[in-house]
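Data first, discussion second: the structure below is written as structure tokens.
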Amino acid sequence: QVQLVESGGGSVQTGGSLTLSCEISGYTYSSFCMGWFRQAPGKEREGVAVIEHVGITSYADSVKGRFNISQDKAKNTLYLQMTGLKPDDTAIYYCVIDPRAPKYGGRLRAAEYTYWGQGTQVTVSS
């Protein structure tokens with residue numbers, strides 16, 4: 001059974017930084033595409049950043065240059081380093097993973113991902 005457990009969320013002021021972690025267990029596939037999505041109140045879930053097992057990364061335009069996705073294979077942990085945080089970054093952040101390669105143009109589409117964590121809240125105040 002695949003389990004994803006996020007941690008590291010919290011409340012910061014504009015310009016602050018946070019690093020989210022996602023511990024992944026029970027995942028036995030050799031390939032993956034994994035990453036982070038977020039959902040703000042009243043808004044649709046949106047892709048933030050993903051990384052494929054071959055090392056390809058993709059970022060939403062709104063976070064490019066501010067967020068960095070990385071992984072520690074030995075710890076089966078995915079990270080999202082967030083800097084220069086803005087109030088618009090306030091959302092619940094979800095960790096995701098899927099063994100299939102995403103469809104062309106689909107790396108940041110929620111429908112491409114089978115396994116989801118429960119989410120961790122990030123709140124950025126002005």
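All values below come from the heavy atoms of this structure, side chains included, with hydrogens, waters and symmetry mates left out. Computed from a prediction, not measured in an experiment: that's the story for all the values here.
- Here the shortest heavy-atom pairing between Phe37 and Val50 reads CE1-CG1, 4.5 Å.
- Salt-bridge check for Asp98 with Arg100: passed, with a basic side-chain N closer than 4.0 Å to an acidic carboxylate O.
- Listed for the Gln39 side chain is no donor-acceptor partner under 3.5 Å among the backbone atoms of Ala91.
- In this structure, the separation between CG on Asp89 and OG on Ser62 is 7.0 Å, given to the nearest 0.5 Å.
- Under the 4.0 Å criterion applied to side-chain N and carboxylate O atoms, Glu112 and Arg107 are not assigned as salt-bridge partners.
- Closest approach of Pro99 to Tyr115, counting heavy atoms only: CD-CE1, 4.3 Å.
- Cluster membership for Leu78 and Tyr93, using ILVMFWY side-chain heavy atoms within less than 4.5 angstrom, is shared.
- With rounding to the nearest 0.5 Å, the separation of CD in Gln3 from CG in Asn76 is 13.0 Å.
- Across all their heavy atoms, Gly84 and Arg66 have their closest contact at O-NH1, 2.9 Å.
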Pairs under 3.5 angstrom only: tabulate donor-acceptor contacts from the side chains of residues 10-30 to other protein residues two or more places apart or in another chain.
{"from": "Thr14", "atom 1": "OG1", "to": "Ser125", "atom 2": "O", "distance (Å)": "2.9"}
{"from": "Tyr27", "atom 1": "OH", "to": "Ser31", "atom 2": "O", "distance (Å)": "2.6"}

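- Within a 6.0 Å sphere centred on CD of Gln121, heavy atoms belonging to other residues, nucleotides or ligands number more than 12.
- Cluster annotation: Val122 is not connected to Tyr94 through the hydrophobic network of ILVMFWY side chains, with a link wherever side-chain heavy atoms come within less than 4.5 Å.
- Between the Tyr113 side chain and the Leu108 main chain, no donor and acceptor come within less than 3.5 Å of each other.
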- Message: For a side-chain hydrogen bond (donor to acceptor under 3.5 Å, both in side chains) check, start with the C-alpha distance between Thr77 and Asp72, then their side-chain angles and the critical distance, and finish with the verdict.
- Response: CA-CA 5 Å; Thr77 301; Asp72 185 328; over 6 Å; no
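- Taking CH2 of Trp36 as the reference point, atom OH of Tyr79 lies at 10.0 Å (rounded to 0.5 Å).
- Closest approach of Cys33 to Glu52, counting heavy atoms only: SG-CG, 3.6 Å.
- Asn68 contributes no side-chain N or O that, together with a main-chain N or O of Gln81, makes up a donor-acceptor pair within less than 3.5 Å.
- Phe67 and Val96 sit in two unconnected hydrophobic clusters of ILVMFWY residues. Membership requires side-chain heavy atoms under 4.5 Å apart, directly or through other members.
- The shortest distance between side-chain heavy atoms of Met82 and Leu80 falls below 4.5 Å.
- Shortest non-hydrogen contact noted between Gln71 and Met34 is OE1-CE, 3.3 Å.
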